[in-house]
S.K.: 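Could you have a look at this structure, given as structure tokens, before my questions?
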Amino acid sequence: MRWSQYFIPTLKESPAEAEILSHKLLLRAGLVRKLTGGLYTFLPLGLRVLRKIETIIREEMNRAGALEVLMPALQPPEIWQQSGRYETARDVLYKVKDRANKEWVLGPTHEEVITTLAAGEISSYRQMPKNFYQVQTKFRDEIRPRFGLMRAKEFIMKDAYSFDATDEGAMASYRKMYDAYARIFNRCGLRNFPVEADTGVIGGTHSHEFMVTAETGENEVACCEACQYAANIEKAVSGIPPTAAREVGAATEKFATPGVVTIEALSKAPHSVPANRQVKTLVYIADSQPILVLIRGDDQLNETKLMARTGAVAVRPATPEECVATLGANPGSLGAVANVPATVRIFADERLRGANDMTTGANEDGFHLRNVSLDRDIKVTAWFDLRTVRAGEPCAKCGKPLKLRRAIEVGHVFKLGTKYSEKLNACFLDADGKSKPCVMGCYGIGVTRTFQAVIEQSNDKDGIIWPLAVAPFAVCITPLVVVKDSAVMQLAEKIYAELTTAGVEVILDDRDDRPGVKFKDADLVGFPLRLSIGEKSLANGEVELKPRGGEIAFVKAEEAVAKVREFLAARAQAT
RNA sequence: CGGGACGUAGCGUAGCUUGGUAGCGCGCUUGGUUCGGGUCCAAGAGGUCGUGAGUUCAAAUCUCACCGUCCCGACCA
């Protein structure tokens, strides 16, 4: 490709809309342009990168035995009603109407479609296992599109769905995808790692997310440095000890705490009750029912865990009015010891199990209770792990301290079980002639997000540093004189032709611009190797090879093509 | 949806407090100049100052509403 014939609108300055580095570079390097919030056009150079990532994904999916299909993006709402997600996922569903005023939805994902397909086509255990995948544009009515391609209204996703006759089969399918994902992200040049994950509204029993380490990531992950334990903060647990038991005190005792409405205030004089001897009582509305959540005073509730453990589809903190209606007191004086209506369930964090000599609100504004013993004084409906892990806590597996890191989620694998196959009737006959629902798994990769994650992880002050496997062009030839028939240009053309013939993806910067401009652009765009040809070095019969981010090497002009191929082969080998 | 910031040429911005001719840099066009890390000189083109109402003799500037963008929270690949 000749640069002058191509379209690479680089920008000297970053558009004000871009906040994070990868977003700025995406725009500056001429890879994408924004149409409007959360909607982007891929320019020719960006599309080349996108195709490379897709190719890697396809190769690895095919290698893992998955079969490519292409499903409609436009879907009938009926199958969403059947799965129950017309309600539970309604916030992200784009809905459109046709001329007859019939409603359709734009697919945010395809469990309903693929399960409908399986219901019609898979009738015997002999047809399984099967894994279908596609690379397709998804639509999600995001509350807040953000960070360029990271969170968009429309994005490209690779989604795969496995169907198995047995649970063991489903686990094997899951494992295959897990392994394929690790290969895919490694080939893309990403520093990535899998973490245990919550299953969210998709549902299911077993789940891992593939994370890319990045300060700007939207996810927080707890990792053990010593063993392999890593989990999304929404799911992470630690081996922190339970609350120390003390001498069982007398009966609970009410005491006045006028104006004291926070854990911290109560921990100070004159009351001086340390936060770890307080019980924090939270009123939540779980699927429109009030519930109580008990957490130790120095811990933070993890709402994702609350949803997962209680099975609630939506939870939110109650308003002060709702607190008064439920317990007769305002936040700051709430407790679960007395005046809790029988219909209100009480969920307590494991760390409070057996705790005594605790202090909590008295359900009377301006009063607290001391000498509270959880077993004796509170009717706990169920004990769950509900707290949020903090950095430095001991790993539950090996006891070494946990670290908290930020990361970008680029892939997610789920073992779904039979949730969708039951609802959408995807059943088969097993060897005994019994009808059973297929055991499913689903596996997503955010392709466009992966694209940006590579940039986020691979750059320097001058621009992007593309890993060879996803670079838009492997080599940029930069002649410093573009006068036709000049020795420099003749050599550039010759090397360009030879590399092209050899199947190397090469771009020839034939623009009549000053060297500085061309160097800056090549660095910004981030081609893995630059081959510069100038009059000075050519006087010695040499040209320059400069790996992006590396040192210049001078090589004989006649050896240039061989050296380039050597470099690329070594680079390809290394990844 | 709640909280915050902002909207002036393709991009980055000044001007707004204190109302009166819309300015600069980059990019773009033309001519010249230069030619190993975003040359220099000259001449140009390009603006409903987000939209709509209002106040005023007069609004980019003051008021209100709406739209949009970005940041913080809930959603997720």
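Please read these numbers as outputs of a predicted model, since none were measured by experiment. Residue numbers begin at 1 in each chain, while the letters A, B, ... track the order of the sequences.
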S.K.: Nearest to the side chain of Arg146(A), which nucleotide is it out of C71(B), G37(B), C11(B)?
M.R.: C71(B)
S.K.: Please determine if a side-chain N or O atom of Arg151(A) lies less than 4.0 Å away from the OP1 or OP2 oxygen of C76(B).
M.R.: no
S.K.: Scan Glu218(A) against the nucleic acid and name what it touches under 4.0 Å (heavy atoms): base, sugar-phosphate only, or nothing.
M.R.: base
S.K.: Closest approach to the side chain of Glu544(A), judged atom by atom: which nucleotide of G36(B), C35(B), G37(B) is it?
M.R.: G36(B)
S.K.: Tell me whether Arg33(A) forms a cation-pi arrangement with Tyr40(A), defined as NZ or CZ under 6.0 Å from the six-membered ring centre and within 45 degrees of its axis.
M.R.: no
S.K.: From the list C70(B), A77(B), G37(B), which nucleotide is the closest neighbour of the side chain of Lys34(A)?
M.R.: C70(B)
S.K.: OP1, OP2 of C71(B) versus side-chain N and O of Arg144(A): anything below 4.0 Å?
M.R.: yes
S.K.: Given C35(B), A77(B), G12(B), which nucleotide is nearest the side-chain atoms of Ala16(A)?
M.R.: G12(B)
S.K.: Here's a test for you: under side-chain contact (heavy atoms from CB on, under 4.5 Å), which of Leu190(A), Ile465(A), Asn459(A) qualifies with Val454(A)?
M.R.: Leu190(A)
S.K.: To the nearest Å, give me how far apart CG (Leu545(A)) and P (G36(B)) are.
M.R.: 20 Å
S.K.: In whole angstroms, how far is the C1' atom of A74(B) from the OH atom of Tyr284(A)?
M.R.: 11 Å
S.K.: Say we look at G46(B) and G25(B): how far apart would their C1' atoms be, to the nearest angstrom?
M.R.: 16 Å
S.K.: Look at all strands and tell whether Ser14(A) reaches a base, only sugar-phosphate, or nothing, counting heavy atoms closer than 4.0 Å.
M.R.: sugar-phosphate
S.K.: Mind checking Ala152(A) for me? I need base, sugar-phosphate or nothing, with any heavy atom below 4.0 Å counting as a touch.
M.R.: base
S.K.: In whole angstrom, give me the gap between the P atoms of G38(B) and G23(B).
M.R.: 31 Å
S.K.: Grab the CG-P distance between Asn219(A) and C76(B) for me, whole Å please.
M.R.: 11 Å
S.K.: In whole Å, measure the gap between the P atoms of U39(B) and U51(B) for me.
M.R.: 36 Å
S.K.: Using a 4.0 Å heavy-atom cut-off, does Asp159(A) contact any base of the nucleic acid, only the sugar-phosphate backbone, or nothing at all?
M.R.: nothing
S.K.: So if I take every side-chain heavy atom of Phe147(A) and compare against G12(B), U39(B), C71(B), which nucleotide ends up nearest?
M.R.: C71(B)
S.K.: Regarding C75(B), can its base be found pairing with the side chain of Arg140(A) as donor and acceptor, where the two atoms are less than 3.5 Å apart?
M.R.: no
S.K.: Using whole Å, what does the distance between atom P of nucleotide C75(B) and atom CD of Glu234(A) come to?
M.R.: 7 Å
S.K.: Using Watson-Crick or G-U wobble geometry with both distances under 3.5 Å, which nucleotide pairs with C70(B)?
M.R.: G4(B)
S.K.: Could one point to a donor on the side chain of Arg530(A) or the base of G37(B) with an acceptor on the other under 3.5 Å away?
M.R.: yes
S.K.: Taking the nucleotide of RNA chain B with the closest heavy atom to each, which residue, Gly534(A) or Asp91(A), is nearer the 5' end?
M.R.: Gly534(A)
S.K.: Got a donor-acceptor pair under 3.5 Å from the side chain of Glu13(A) to the base of G27(B)?
M.R.: no
S.K.: Taking NZ, NE, NH1 and NH2 as the nitrogens, is one of them in Asp159(A) or Lys138(A) under 4.0 Å from a carboxylate oxygen of the other?
M.R.: yes
S.K.: CG of Asp521(A) versus P of G27(B): gap in Å, rounded?
M.R.: 11 Å
S.K.: For Phe210(A) and C76(B), what is the distance between atoms CZ and C1' respectively, to the nearest whole Å?
M.R.: 17 Å
S.K.: Does A14(B) have a Watson-Crick or wobble partner in any strand here, with both distances under 3.5 angstrom, and which is it?
M.R.: none
S.K.: Would you call the rings of Phe414(A) and His412(A) parallel, tilted or perpendicular, where under 30° means parallel and over 60° means perpendicular?
M.R.: parallel
S.K.: Can you find a side chain N or O atom of Arg28(A) that sits less than 4.0 Å from OP1 or OP2 on G12(B)?
M.R.: no
S.K.: Using a 4.0 Å heavy-atom cut-off, does Ala18(A) contact any base of the nucleic acid, only the sugar-phosphate backbone, or nothing at all?
M.R.: nothing
S.K.: For nucleotides G10(B) and U56(B), find the distance between their P atoms and express it as a whole number of Å.
M.R.: 34 Å
S.K.: With hydrogens left out and only the distance checked, is there a donor-acceptor pair under 3.5 Å joining Asp513(A)'s side chain and the base of G38(B)?
M.R.: no
S.K.: Would you measure the distance from the C1' atom in A58(B) across to the matching atom in A65(B) and give it in whole Å?
M.R.: 23 Å
S.K.: Say you pick atom P in U13(B) and the same atom in C70(B); how far apart are they, in whole Å?
M.R.: 14 Å
S.K.: Say you pick atom P in U34(B) and the same atom in C16(B); how far apart are they, in whole Å?
M.R.: 43 Å
S.K.: Remember a base hit wins even if backbone is also touched, and classify Lys153(A) as base, sugar-phosphate or nothing at under 4.0 Å, heavy atoms.
M.R.: nothing
S.K.: Reckon Thr36(A) has a side-chain N or O less than 4.0 Å from the OP1 or OP2 of U69(B)?
M.R.: yes
S.K.: Aromatic ring centroids of Phe451(A) and Phe42(A) under 6.0 Å?
M.R.: yes
S.K.: Is a salt bridge present between Arg405(A) and Glu220(A), judged by a nitrogen-to-oxygen distance below 4.0 Å?
M.R.: no
S.K.: Pick the C1' atom in G27(B) and in G36(B), then give their distance to the nearest Å.
M.R.: 24 Å
S.K.: When you measure from the side chain of Lys12(A), which nucleotide among C75(B), G27(B), G36(B) comes out closest?
M.R.: G27(B)
S.K.: Indicate, with a heavy-atom threshold strictly under 4.0 Å, whether Val517(A) touches base, sugar-phosphate, or nothing.
M.R.: base
S.K.: Would you mind pulling out the nucleotide paired to U34(B), Watson-Crick or G-U wobble, both distances under 3.5 Å?
M.R.: none
S.K.: Which base, if any, makes a Watson-Crick or G-U wobble pair with U55(B), both distances under 3.5 Å?
M.R.: none
S.K.: What is the base-pairing partner of A45(B), counting Watson-Crick and G-U wobble geometry with both distances under 3.5 Å?
M.R.: none
S.K.: Rounded to whole angstroms, how far apart are CZ on Arg511(A) and P on G27(B)?
M.R.: 13 Å
S.K.: Starting at the 5' end of RNA chain B and moving along, which residue's nearest nucleotide shows up first, Glu209(A) or His23(A)?
M.R.: His23(A)
S.K.: I'd like to know if Ser537(A) reaches the base of G36(B) with its side chain, counting only an N/O donor and acceptor under 3.5 Å.
M.R.: yes
S.K.: For the pair Arg511(A) and Asp521(A), find out whether any cationic side-chain nitrogen is under 4.0 Å from an anionic carboxylate oxygen.
M.R.: yes
S.K.: Output the rounded distance in Å from CG (Leu480(A)) to P (G37(B)).
M.R.: 9 Å
S.K.: Under 6.0 Å from the NZ atom of Lys305(A), do we count more than 12 heavy atoms belonging to anything else shown?
M.R.: yes
S.K.: Using the ring centroid of each side chain, check whether Tyr161(A) and Phe132(A) are separated by less than 6.0 Å.
M.R.: no
S.K.: How close do Lys158(A) and Val135(A) get, counting heavy atoms only, and between which atoms?
M.R.: CG-CG2, 4.0 Å
S.K.: When all nucleic acid strands are considered with a 4.0 Å heavy-atom cut-off, which category describes Glu17(A): base, sugar-phosphate, or nothing?
M.R.: sugar-phosphate
S.K.: Compare the ring of Phe155(A) with the six-membered ring in the base of A77(B) and state whether they stack (centres under 5.5 Å, planes under 30°).
M.R.: yes
